[in-house]
> 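The structure is given below, and queries will be raised subsequently.
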Amino acid sequence: MGTIQAVKGTRDFYPEDLAFRRWLYERIREVSEGYGYEEYDGPFLERLDLYAARSGEELVRKQSFVFPDRGGEMIALRPELTPSLARMVAMRSQSLPRPLRWWSFGPFWRYERPQQGRAREFFQWNIDLLGVDSPEADAEIAAIAGALFQAVGLGPDKVQILVNDRRLAERQLSQMGIDPEKRTGVFHLIDARDRMSKPAWDRQAAELGLGAQTVKELDSTLNDRQAWKDSAELTAFFAATEALGVAESVLYDPSIVRGLDYYTGIVFEARDTSGEFRAILGGGRYDNLVSDVGGEPIPATGFAMGDMVIHLLMDKTGVSPTIRSKPTQVLVPSFDVESMTEAISLSAELRACGLRTEWYPTAVRLSAQLKYADRHGIPLAAIIGPDEISSSSVTIKDLRTGAQENVPRSQAGPRLVEIASGAG
RNA sequence: GUGGCUGUAGCUCAAUGGCAGAGCACUUGACUGUGGAUCAAGGGGUUGCGGGUUCGAGCCCCGUCAGCCACCCCA
C-alpha cells in the first residue's frame with residue numbers, strides 16, 4: 001500500500017462501524033440513566049503519578065502510553081478511568097452530595113499486543129456508585145451490568161456475572177494457614193486456574209511454597225459453590241440481586257479475585273457462558289482509592305466494560321443489530337438538468353418540515369438514483385420532473401412497499417411526514 | 001515484553017519457480033419516468049515494504065512492518 005499505515009492497535013470507524021458504537025452507547029446511556037446515574041468524563045491525559053498510586057505495577061510500567069510534555073512532566077494517555085474518577089471526587093469531596101451515581105463512555109489507550117478482543121485504543125463504559133458501603137450497592141452495580149446485557153440481547157444463557165468477595169477469599173486462605181504475605185501470589189494462582197493444566201497448576205502452587213495438603217484444601221475450596229453462605233456480605237448481595245430481578249444472571253464463583261490491586265471487597269466479572277472469549281467486563285468494590293489520591297475516605301463500587309469483547313460475542317451469537325448509518329428519510333432525485341432547481345427547492349421545503357432530506361446532485365438516470373436510495377436504505381423518494389412541475393405536484397414513492405402516489409406540491413411535506421412517522 | 005502462524009483487488013480466497021485470477025462488492029449497459037432480481041461489460045494490483053538467490057520470484061532466503069493465536073496482563 002502506498003498509503004501511510006494506521007497506528008498499530010487502532011481501529012478505523014467507517015460509518016457502519018461508528019453506527020454500532022453509537023448504538024451501544026445509546027443502550028449504555030438508557031440503562032445507566034434508568035438507574036439514576038449522571039454522565040461525566042475525565043481528561044484523556046493525566047499525570048503518570050495518578051496511576052502510580054494504585055493501579056498496579058504492570059498497567060503503569062508496561063501498558064501505558066507515556067510521554068514527557070515540554071516542561072518535562074510525565075503524561076499518560078489514560079489507561080483506565082477509575083483513578084481519574086477518584087481524583088475528581090477527591091477534589092470536591094466536601095461539596096458533592098452523596099451518594100454519587102456517575103457513568104462515562106470514552107476512549108482509553110493501553111500499550112499491549114493487539115489480538116482478538118483487545119486493541120491499543122478502545123472504548124470503555126465506566127459506571128460507579130460512591131459513598132455507599134453496602135453489598136446492596138454492589139448488587140445494584142451488578143444488576144446494571146445484567147440490564148445492559150439484556151438490553152443488547154445477551155440473556156443469562158449467554159452471559160453470566162461471576163461474583164466473589166476478596167474478604168471471604170482472604171478468610172479462606174487464612175483458615176488454610178496460608179501466610180498473608182503470599183496472598184497476592186495465591187490470588188494470581190487462583191485467577192489462572194482455568195487457563196492452566198492441572199499438573200502445571202500444581203507445580204506453580206508448589207513453587208509458591210504451598211504444601212500438598214494446602215493445595216488439596218485450596219482445590220476443594222475452589223470447587224465449593226456454597227461457600228458464599230459463610231459470607232454475610234455475599235448473602236446480602238445475592239438477596240439484593242434477587243430483589244433486583246437479576247438472580248439468573250449472577251453466580252458465585254470462588255475463583256474470581258480480579259487483578260487490579262485496588263479492589264477491597266466484592267469483585268465480579270462477566271463471561272460468555274461458552275467460555276470462548278475473555279472477560280466482557282470486570283469490577284468490584286474499591287473503598288480506599290479516593291483517600292489514596294488525597295481525598296477523604298469514600299467507599300465506592302463500580303465496573304468497566306470494553307467495547308470489543310461484547311461486540312465479538314454479539315456477532316457470534318447473532319444478536320448484533322443491523323444498523324443503517326445513512327440517516328436520510330427522503331431522497332429527492334434530480335430528474336433532469338432543467339428540473340434540478342425545482343428538486344433543490346423541494347428538498348429545502350421538506351427539510352423545513354423536519355424531514356432528513358437528501359438531494360441527488362447529478363441528473364443521471366432515475367433508475368440509478370433510486371438504486372442509490374435502495375442501497376442506503378433510504379425509505380422514501382420525492383420525485384419532481386417535467387410532469388410534476390407542469391401540474392404543481394410531487395410523486396412520492398415508498399421504496400419499502402413500492403407504493404407510489406401523486407400529491408399536490410403543497411401537500412408533499414405533510415404527506416411525507418405522515419408516511420415517515422408510520423401513519424401513512 | 002516472549003513464542004508461533006499468516007500477509008495477493010474494498011472483502012473472501014486461487015495461481016507446480018514461467019502471461020497475476022475468481023466470487024462478492026463497485027461502475028456502466030440491457031431499461032430515454034422508477035430501486036431490489038437476472039444477464040452482460042467495465043474499472044480496480046509496485047502480490048505489505050526493503051534486500052538477496054535465480055535466466056526468471058506472488059512462490060525460495062534474510063530483514064522489517066502489520067494482522068491473527070498462545071503467554072503476560074486486563075476492558
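Proteins get letters first, then strands, A, B, ... in listed order; numbering begins at 1 in each.
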> Checking all strands, does Gly9(A) fall into the base, sugar-phosphate, or nothing category for heavy-atom contacts under 4.0 angstrom?
sugar-phosphate

> Less than 4.0 Å between a side-chain N and a carboxylate O, is that true for Glu170(A) and Arg167(A)?
no

> Partner of C24(B) by Watson-Crick or G-U wobble geometry, both contacts under 3.5 Å, or none?
G10(B)

> So what does Leu399(A) hit on the nucleic acid, given a heavy-atom distance under 4.0 Å: a base, only sugar-phosphate, or nothing?
base

> Report yes or no: is there a donor-acceptor pair, N or O only, under 3.5 Å between the side chain of Glu112(A) and the base of G1(B)?
no

> Could you tell me whether Phe335(A) contacts a base, only the sugar-phosphate backbone, or nothing, with contacts defined as non-hydrogen atoms closer than 4.0 Å?
base

> Can you check the distance between U47(B) and A66(B), where both ends of the measurement are the C1' atom (answer in whole Å)?
15 Å

> What is the separation between atom CD on Glu80(A) and atom C1' on C74(B), rounded to the nearest whole Å?
10 Å

> Are Phe108(A) and Phe65(A) close enough that their ring centres sit under 6.0 Å apart?
no

> Let me know which of Arg271(A), Gln116(A), Lys316(A) forms a side-chain hydrogen bond (donor to acceptor under 3.5 Å, both in side chains) with Glu276(A).
Lys316(A)

> Please give the nucleotide sitting opposite A37(B) as a Watson-Crick or G-U wobble pair, both distances under 3.5 Å, or none.
none

> Across the strands shown, which category fits Asp387(A) at heavy-atom distances under 4.0 angstrom: base, sugar-phosphate, nothing?
base

> Check Glu112(A) with Arg120(A), please: is the shortest side-chain N to carboxylate O separation under 4.0 Å?
no

> Write down the distance separating the C1' atoms in C61(B) and G45(B), rounded off to the nearest Å.
25 Å

> Between atom CZ in Arg120(A) and atom P in G67(B), what is the gap in whole Å?
8 Å

> Could you check, using the six-membered ring where one of them is a Trp, whether Trp102(A) and Tyr37(A) have ring centers closer than 6.0 angstrom?
no

> Are Trp103(A) and Tyr40(A) an aromatic pair by the rule of ring centers under 6.0 Å?
no

> When rounded to the nearest Å, what value does the distance between C1' atoms of G3(B) and G10(B) take?
33 Å

> So Lys371(A), base contact, sugar-phosphate only, or nothing? Heavy-atom distance under 4.0 Å.
sugar-phosphate

> Spell out yes or no: do the side chain of Gln369(A) and the base of U34(B) have one donor N/O and one acceptor N/O closer than 3.5 Å?
no

> Would you say Arg375(A) reaches C26(B)'s phosphate, i.e. side-chain N/O to OP1/OP2 under 4.0 Å?
yes

> Nearest whole Å is fine: how far is G48(B) C1' from Lys8(A) NZ?
14 Å

> What distance, rounded to whole Å, do you find between the two P atoms, one in G58(B) and one in G18(B)?
10 Å

> Taking the same atom, C1', in C19(B) and in C26(B), what whole-Å distance lies between them?
27 Å

> Give Glu121(A) one of three labels, base, sugar-phosphate or nothing, depending on what nucleic acid heavy atoms sit under 4.0 Å from its own.
nothing

> Under 4.0 Å between any heavy atoms, over every strand shown, what does Ala373(A) touch: base, sugar-phosphate, or nothing? Just pick one.
nothing

> Would you mind telling me which residue lines up with the more 5' stretch of RNA chain B, Tyr111(A) or Gln404(A), judged by nearest nucleotide?
Tyr111(A)

> If you take atom types as modelled and just measure distance, does the side chain of Arg113(A) reach the base of G3(B) with a donor-acceptor pair under 3.5 Å?
yes

> Taking atom P of C74(B) as reference, at what distance in whole Å does atom OH of Tyr262(A) sit?
10 Å

> Name the pairing partner of G45(B), where a pair is Watson-Crick or G-U wobble with both distances under 3.5 Å, or state none.
none

> Hey, does Arg365(A) reach any base, or is it just sugar-phosphate, or nothing, if we go heavy atoms under 4.0 Å?
sugar-phosphate

> Can you see if the side chain of Gln115(A) gets near the phosphate of C68(B) - specifically, an N or O under 4.0 Å from OP1 or OP2?
no

> Taking CG from Asp374(A) and P from A25(B), how many angstroms apart are they, rounded to a whole number?
13 Å

> What does C60(B) pair with, Watson-Crick or G-U, if both distances are under 3.5 Å?
G52(B)

> Please work out if Pro333(A) contacts a base, only the sugar-phosphate, or nothing of the nucleic acid, heavy-atom cut-off 4.0 Å.
nothing

> Using the P atom on both, measure C60(B) against A14(B) and round to a whole Å.
14 Å

> Atom CG of Asp336(A) and atom P of U32(B): how far apart are they, to the nearest Å?
14 Å

> Taking the nucleotide of RNA chain B with the nearest heavy atom to each, does Phe123(A) or Ile383(A) sit closer to the 5' end?
Ile383(A)

> With distance as the sole criterion, do the side chain of Arg110(A) and the base of C74(B) form a donor-acceptor contact below 3.5 Å?
no

> What distance, rounded to whole Å, do you find between the two P atoms, one in A41(B) and one in G23(B)?
10 Å

> Provide the distance between the two C1' atoms, one in G29(B) and one in C69(B), to the nearest whole Å.
47 Å

> Classify the nucleic acid contact of Ala363(A) as base, sugar-phosphate or nothing, counting any heavy atom under 4.0 Å across all strands shown.
nothing

> Do Phe44(A) and Trp109(A) have ring centroids that are under 6.0 Å from one another?
yes

> In terms of the angle between their ring planes, are Tyr372(A) and Tyr360(A) parallel, tilted or perpendicular, with boundaries placed at 30° and 60°?
perpendicular

> Paired with C68(B): which nucleotide, if any, by Watson-Crick or G-U wobble criteria at under 3.5 Å for both distances?
G4(B)

> Check the distance between C74(B)'s P and Ile310(A)'s CD1 and give it to me in whole angstrom.
21 Å

> Rounded off to whole Å, could you give me the CG-to-P distance for the Asp12(A) and C11(B) pair?
12 Å

> Under a 3.5 Å cut-off for both distances, is C31(B) Watson-Crick or wobble paired, and to whom?
none

